[in-house]
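Below, chain A is the first sequence line, B the second, and so on; all start at residue 1.
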Amino acid sequence: MPWLSILMGVPVLGALAVAAVPRGNAKLAKQLTLGVSLVVLVLTLLMAFQFEAGGPRDQFSEVYQWIPAFGVHYAVAVDGIALVLIALAVVLVPIVVLASWHDAERADAKRSVKTYFALILVLEAMMIGVFAATDVFLFYVFFEAMLIPMYFMIGSYGGAQRSYAAVKFLLYSLFGGLLMLVAVIALYASAGKGTFLQPELIGAITDPNTQKWLFLGFFIAFAVKAPLWPFHTWLPDAAAQAPAGAAVLLVGVLDKVGTYGMLRFCLELFPDAAKFFTPMVITLSVIGIVYGAIVAIGQTDMKRLIAYTSISHFGFITMGVFALTADAGAGATLYMVNHGFSTGALFLLAGFLIHRRGSQYIADYGGVQKVAPVLAGTFLVAGLSSLSLPGLSTFVSEFLVLVGTFERYAVPAIIALSGMVLAAVYVLWMYQRMMGGPTAESVRGFPDLNLREKFVVAPLIALLIGFGFFPKPLLDVINPAVQETLTSVQAPQFTPAIPAAADQKGAGE
Amino acid sequence: MSALSAVAIDPPTIEYGELAPMLLVFGAAIVGVLVEAFTPRYLRKSIQMPITLLSLAGAFALTVWQGLQGVRSAAAMGAIAVDGPSLFIWGAILLLAIVSVLLINDDDHFVAQASAVPGSAEEDQAISDGGAHTEIYPLVLFAVGGMLLFPASNDLLIMFVALEVMSLPLYLLCGLARRRRLLSQEAAMKYFLLGAFSSAFFLYGTALLYGFAGSVDLAAVQEALANVGGQDALLFIGTAMLGVGLLFKIGAAPFQAWKPDVYQGAPTPITALMASGTLIAAFGALLRVFWVALGDLDTEWQPVLWAVAILTMVVGAILAITQTDIKRMLAYSSIAHTGFLLTAVVATGGAEQNTQALAGILFYLVTYGFATVGAFAVVTMVRDAGGEAGHLSRWAGLGKRAPALAGIFALFLLAFAGIPLTSGFFGKYAVFAPAVAGGATGLVIVGVVTSAMAAFFYVRVIVLMFFSDPAPEGPTIAVPTIGTAAVVAISAAATVVLGVFPQPVLDLAHSAAQSLFVR
């Protein structure tokens, strides 16, 4: 059964159906969108249960010729890493749809509600496609094409500075993407294999210099997307101006394409270059971790604050990816998923607050916990997950990243630890200013979470706590794939008999 | 006298069958002139329109038929090359001409009486009489015929004739805009003067190359490169002058100055024809001269074309950012695209490499041609009291006023920007890939950087249309005639289909490029 094609086809058809809903019947459009996204979720779960964790690397593989003239295939498959990221996307979409129920229909903006929801579904199809693509060209197509629905979601439905933010987002991403296009073309030309299929291209580039240039082409695109310091400046603007639901998908899923691409393409296709550039990437990551955290502390706008915390967390993820140890790799992958849930919860709760108060400035709130205890409580849990409190899923991943990095790069790991301390400062201080203290006049009439909003938050909190205590199901799926990635990175240099970590320790000190 | 006539002269052989598409277009143009002379005014349009469309469609059918026959030869004593690239280019030009004629059919764009002084009582009289110049149709046919001959000519002299046959009607047509007539006449004048200069350059270059090779035949010039020594001055100056003439026609920097003025001033349907058809024809001719006649000189001209390509991309992308008129912006965008195409012209190498590059260029020309015609068709529909709403500020909020139209225009803009799943992406890929393979990676990097810059001004229009509030007394959206609606629909469909499933057209371009140019 062509699972992945079905997973992509259903939301596309759903988007067409939503777009065809007659104008003025916004409710039907929303219900239809929710229904379609739930169908996709169910289908993904069905697929996931058939995934053999210890089986072959790429499963549910489909390969068809698409453009023979360029050697391009429609080739999709999932390994453990892709599977959990697709799962992340399809879990977040229905939640976002439910959370965005009233986002598109603000009084000051006459917007087409159904368009917003159709765009979400188009984006969902592309998110599944980009993680499933095993053809470099197909990956690139999704990588670039998914900018367009997000661009319209930010630009048409965002805050006051929306068009500036949307254009900045698009141009940054496009610029990175176009550099990647050169690298994609050069990869094809210098590999000389006449195909873009990623498994066949592994090991095809042997010349060290070519590897380095191609690595940079791909890496810059991913670093812009992820975003890694110093390519991050678009993210706070985009995330702050996007409607809450779009911000969740942007930071929670779209940005993961960057870190996923580093793992899947930069490491596997250009292993020697990846090792060459590791010190640089680790340095940038550590700078990002500390910088993002410190700047987050200084933010007055809660959406910008969450965006900067994400820059800090993306630093952890890239550090884990490039530490090239099994623990760090697994931790980084797990972090991609957990960060999606954690940031998603924070953004959505921030969205609920903004919907009530009409302001995203922290200073406009105060004492919310007295009038809306459930809202404040869930906000606290989401915030604690952002600072990686033990017992919440993000702790597992952050711990794994740090342990794995420490095995090889002790000093960066120690510096990165300060990111956890700073995280406590920005989260708890934000909580204290917004939720604690005397109840502000403007907050007095706040209703607590209604049923719809509880349905939005409950699954996220459940996932954060559930995977915090029992991350095994995810790790079982992730570990073999990460192992294989690391094997293909190190294959040319190390004989399998020698443990990779021990060897590197000796060489590094 | 008698001695001369006694020598038996073999009459030249003309392969009428192979030249049929061109002959049909020229024949129809002459019939059109006769119609103008002998039929009453009120009947003319209803006769001219079918003649024009039918002859173009017939010529297209003949081209397809020849393509199926696999005709590959140098016809008319080697003066006209009917080979794969020619046939492909003919097909593309004829299709785009048909589409453009559907736009031209809309009377509203053309002046009632061209000879009336703008703003005079005579002009008012002509307008109230409801006059219209039906001469437009034969003029368009002559121009299209020239476009067909230009890229197929295998001989510099024929190429010059074709250049003139193509250009002269266009000079005239540019001056026939119904509104803002002074601008239109200025555009025609500029185009004519600059065009005449460039023709002179071309002709002088031809003369010098004749001096070098002793022949104007492209193949003979190529042979002479190996055999003739000590005439380098003639060769290089001649090459440079030919280059000036051809680069002017494609609008490459530093010879691009005419493009924005002419595109803005000309009636929009004519702009659409020029931006698609003329560009394709001129690229065909450029390739023929540089690849066939001067192919063995590539180490000499490549550095120059490198510089020209870089300059063209940069000038097009940067100046477009500052434009406030939609047609001028599209003109600068066309300049930038010319630069992208030049990256593949430079990427010569072995036969396989040349085939890839040629196929890429052919494919790009088709994708760009359709998107351009579609974009200009949309421009004709957004109107103010004084005609088309050219100023960009007038387009603010169009996405709310006319979501479908704005959506389609956004699609064309995204195609120009080269976003995946639109035709423009594969077009760009098709020229950049051979350029990288041919060692022009530097050019491609400049290309993607300027693409990113270009994306900025395309995106800016989308921002205006969708994210800005509508202007209080915004433009009206003309109810499209069937022709205009068809143009927009065809172009949008081509943009999407070529963006998702480009393989058939790529195959066609490859098979056309397979044999390269006949010599």
Toward chain B, the part of A:I67 with a non-hydrogen atom under 4.5 Å | both
Going by residue number, which parts of residues 444-457 of chain B are within reach of chain A, meaning a heavy-atom gap below 4.5 Å?
-> B:V444, B:I445, B:V448, B:V449, B:S451, B:A452, B:A455, B:F456
For B:A430, is it the side chain, the backbone, both, or neither that has a heavy atom closer than 4.5 Å to a heavy atom of chain A?
-> both
Would you mind telling me which of A:L147, A:L170, A:I148 has the largest number of heavy-atom pairs within less than 4.5 Å of chain B?
-> A:I148
Checking A:Y151 against chain B: side chain, backbone, both or neither under 4.5 Å from a heavy atom?
-> both
Would you check if the side chain of A:W66 reaches a backbone N or O of B:Q503 as a donor-acceptor pair within less than 3.5 Å?
-> no
Name the atoms and distances for all side-chain donor-acceptor pairs under 3.5 Å in residues 4-22 of chain A, with sequence neighbours left out.
{"unit_1": "A:S5", "atom_1": "OG", "unit_2": "A:E62", "atom_2": "OE1", "d": "2.4"}
{"unit_1": "A:S5", "atom_1": "OG", "unit_2": "A:E62", "atom_2": "OE2", "d": "3.3"}
{"unit_1": "A:S5", "atom_1": "OG", "unit_2": "A:Y74", "atom_2": "OH", "d": "2.9"}

Roughly how far, to the nearest 0.5 Å, is OH of B:Y429 from OH of A:Y188?
-> 6.5 Å
Does CH2 in A:W213 sit with more than 12 non-hydrogen atoms of other residues, nucleotides or ligands closer than 6.0 Å?
-> no
Tabulate, in ascending numerical order, the residues of residues 409-427 of chain B having at least one heavy atom closer than 4.5 Å to a heavy atom of chain A, or enter 'none'.
-> B:L414, B:I419, B:P420, B:L421, B:F425, B:F426
Spacing of B:I462 atom CD1 and A:S163 atom OG [to the nearest 0.5 Å] = 12.5 Å
Does any heavy atom of chain B fall under 4.5 Å from the side chain of A:F137, the backbone, both, or neither of them?
-> side chain
For chain B, which of A:G177, A:A189, A:A145 has the most heavy-atom pairs under 4.5 Å?
-> A:A145
Side chain, backbone, both or neither: which part of A:M126 has a heavy atom under 4.5 Å from chain B?
-> side chain
Give the intermediate values and the outcome of side-chain contact (heavy atoms from CB on, under 4.5 Å) for residues A:V167 and B:F467.
-> CA-CA 11 Å; A:V167 170; B:F467 307 159; 5.7 Å; no
Residue by residue, which of residues 353-364 of chain B have a heavy atom closer than 4.5 Å to a heavy atom belonging to chain A?
-> none
Using a cut-off of under 4.5 Å for heavy-atom pairs, which of B:T441, B:V436, B:D507 has the most such pairs with chain A?
-> B:V436
